[in-house]
Number of protein chains: 2
Amino acid sequence: MSFPRRYRHTLTGRASAAGDESRARVLEVALELFAASGFRGTSVAQIAERAGLSQAGLLHHFPSKATLLTAALDYHDDREGSLLEIDGKPPLGWAAFDALTGLVARNAQRPHAVRLFVTLGAEALDPDHPAHEWIRNHYESLAAWLAAAVEFGRERGEMCPDTPVDQLVRLTIAAMDGLQLQWLVSDRKIDMVEEFRHYVEHQKNTWSRP
Amino acid sequence: MSFPRRYRHTLTGRASAAGDESRARVLEVALELFAASGFRGTSVAQIAERAGLSQAGLLHHFPSKATLLTAALDYHDDREGSLLEIDGKPPLGWAAFDALTGLVARNAQRPHAVRLFVTLGAEALDPDHPAHEWIRNHYESLAAWLAAAVEFGRERGEMCPDTPVDQLVRLTIAAMDGLQLQWLVSDRKIDMVEEFRHYVEHQKNTWSRP
DNA sequence: GTCTATAGGAGGATAGAC
DNA sequence: GTCTATCCTCCTATAGAC
């Protein structure tokens with residue numbers, strides 16, 4: 001579902017070590033600045049400066065600003081993609097909720113990863129935004145992943161047969177997103193990990209098979 | 001807590017009827033476009049065109065783009081402010097949750113009101129953004145309002161004595177925000193009103209005094 | 001692969017006429 | 001109160017030298 005290294009020059013031959021290093025540095029910086037100020041609020045020149053090259057130098061690696069954004073998002077997904085898997089398999093039943101709690105805990109250590117979603121998620125509601133497909137895909141995958149986990153937990157008897165799957169999935173994603181937003185707005189004063197953990201505990205108490 | 005009409009020229013004398021009308025039209029259009037594309041993504045000229053005057057004509061009423069934004073937000077708060085009051089008094093106990101459900105239902109009819117919060121909320125995380133104080137204030141007021149309502153419901157005996165006030169407040173706001181986001185991302189395919197209603201029902205079942 | 005230079009455009013804000 | 005004209009800054013992208 002993601003296409004890592006899509007823009008690597010290795011497709012057309014071997015890139016130089018220096019080039020690959022520049023490229024990676026640019027992507028890191030791009031993620032940081034896009035997360036802080038969004039796509040529209042960040043200029044290519046700003047990214048270039050922080051990455052230690054000129055604007056034209058940067059655009060040698062990425063033909064356009066939009067291309068840079070999608071490349072940065074692929075780069076991000078590459079590194080985060082396996083977070084919701086254990087040994088290459090997705091966790092099922094309540095274990096999926098524990099994995100989400102782990103994700104929230106990890107996010108609490110990296111505010112800019114959270115902000116990437118909040119900032120770009122809002123901007124990319126516009127169908128013309130270069131990250132529009134990315135954000136839709138993100139929500140769709142996450143919901144499908146969680147729904148499959150709950151479905152399995154129900155069939156296996158770990159959860160009540162009358163667990164409202166879709167409702168639980170939507171509310172769980174909403175809780176995660178909403179708490180992250182409050183966490184950012186409050187200058188990280190609220191403990192979103194603890195809040196989410198309570199939420200998950202509560203759902204376990206409610207829907208676990210007696 | 002809000003300062004309506006702060007920028008009205010009536011402070012310095014009587015403005016012409018034509019001027020007031022232009023001004024109101026500009027504010028309406030500004031809210032719409034800022035909601036759709038954010039502060040950075042909207043130009044003064046775009047707003048002016050849709051409002052039926054020139055860019056310079058618009059800037060006669062509002063000295064700068066940032067001033068226009070804050071004026072538009074005040075204008076918005078003026079019209080929405082009483083939504084969480086009944087007869088000038090805030091609803092208390094579970095009635096507050098019903099009022100929130102009503103708000104969600106009303107929002108479902110006006111997508112751009114929802115988008116205003118999502119779009120500007122994300123942009124305004126930046127402390128330098130002209131709406132930064134506005135969004136912080138919004139969350140703070142909402143949380144205080146809901147916490148007071150829950151506190152009252154607990155003391156009055158409508159809710160369990162061991163209701164976790166802050167937790168319930170944060171989760172409720174998170175659920176509302178998160179569901180609204182999914183609603184927008186999914187092109188309004190999910191029924192956020194029904195989802196939120198289920199959430200509230202569930203909380204009532206959990207924390208009502210037996 | 002990286003640079004300087006520059007084209008070409010958009011945006012915010014001001015000056016001054018009516 | 002509204003307009004036209006203009007200034008100045010910032011941005012994306014390209015051309016061409018090294």
Side-chain angles (χ1 to χ4, degrees), chain A residues 5 7-30 33-34 36-72 123 126 128-131, chain B residues 5 7-30 33-34 36-72 123 126 128-131:
Chain A
R5 285 176 253 287
Y7 298 101
R8 275 258 170 97
H9 289 178
T10 45
L11 286 174
T12 57
R14 243 174 69 75
S16 77
D20 267 15
E21 221 182 279
S22 269
R23 213 190 122 81
R25 215 169 40 243
V26 164
L27 290 174
E28 306 265 4
V29 173
L33 296 193
F34 283 144
S37 309
F39 180 68
R40 286 190 279 248
T42 307
S43 74
V44 176
Q46 284 172 331
I47 299 169
E49 186 188 0
R50 284 245 231 154
L53 36 61
S54 72
Q55 192 232 26
L58 189 160
L59 287 178
H60 166 73
H61 296 280
F62 309 92
S64 75
K65 188 186 178 186
T67 309
L68 170 57
L69 174 62
T70 53
E123 247 188 348
D126 178 351
D128 293 336
H129 193 283
Chain B
R5 287 176 252 286
Y7 298 101
R8 275 258 167 99
H9 289 179
T10 45
L11 287 175
T12 57
R14 241 173 71 73
S16 77
D20 266 16
E21 222 183 279
S22 268
R23 199 170 185 287
R25 215 169 39 242
V26 165
L27 290 173
E28 307 264 4
V29 172
L33 295 193
F34 283 145
S37 310
F39 180 67
R40 287 191 277 249
T42 307
S43 74
V44 176
Q46 284 173 333
I47 299 170
E49 187 188 358
R50 286 256 284 244
L53 36 60
S54 72
Q55 191 231 27
L58 189 160
L59 287 178
H60 167 73
H61 296 280
F62 309 92
S64 74
K65 188 186 178 186
T67 308
L68 170 57
L69 174 62
T70 54
E123 250 188 348
D126 178 351
D128 293 335
H129 194 282

Expressed in angstrom and rounded to an integer, what is the separation of [X] atom [atom1] from [N] atom [atom2]?
| X | N | atom1 | atom2 | answer |
| --- | --- | --- | --- | --- |
| Phe39(B) | dG11(C) | CZ | P | 13 Å |
| Leu58(B) | dT14(C) | CG | P | 14 Å |
| Asp20(A) | dT2(C) | CG | P | 10 Å |
| His61(B) | dC3(D) | NE2 | C1' | 12 Å |
| Arg25(A) | dT2(C) | CZ | C1' | 12 Å |
| Phe62(A) | dC11(D) | CZ | P | 19 Å |
| Leu59(B) | dG11(C) | CG | P | 13 Å |
| Leu68(A) | dA13(D) | CG | C1' | 14 Å |

Phe34(A) CZ to Lys65(A) NZ distance, which is reported to the nearest 0.5 Å: 6.0 Å

Test side-chain contact (heavy atoms from CB on, under 4.5 Å) applied to Ser37(A) - qualifying residues, sequence neighbours left out: Thr42(A), Arg40(B)

Any Ser22(A) side-chain nitrogen or oxygen under 4.0 Å from OP1 or OP2 of dT2(C): yes

dC11(D) phosphate, OP1 or OP2, under 4.0 Å from Ser43(A) side-chain N/O: yes

His60(A) side-chain proximity, nearest of dT14(D), dG12(C), dT2(C): dT2(C)

Test item: Val44(A) and Phe62(A) side chains (from C-beta on) under 4.5 Å apart, heavy atoms: no

Residues within residues 45-56 of chain B bordering DNA chain D, heavy-atom distance below 4.0 Å: Leu53(B), Ser54(B), Ala56(B)

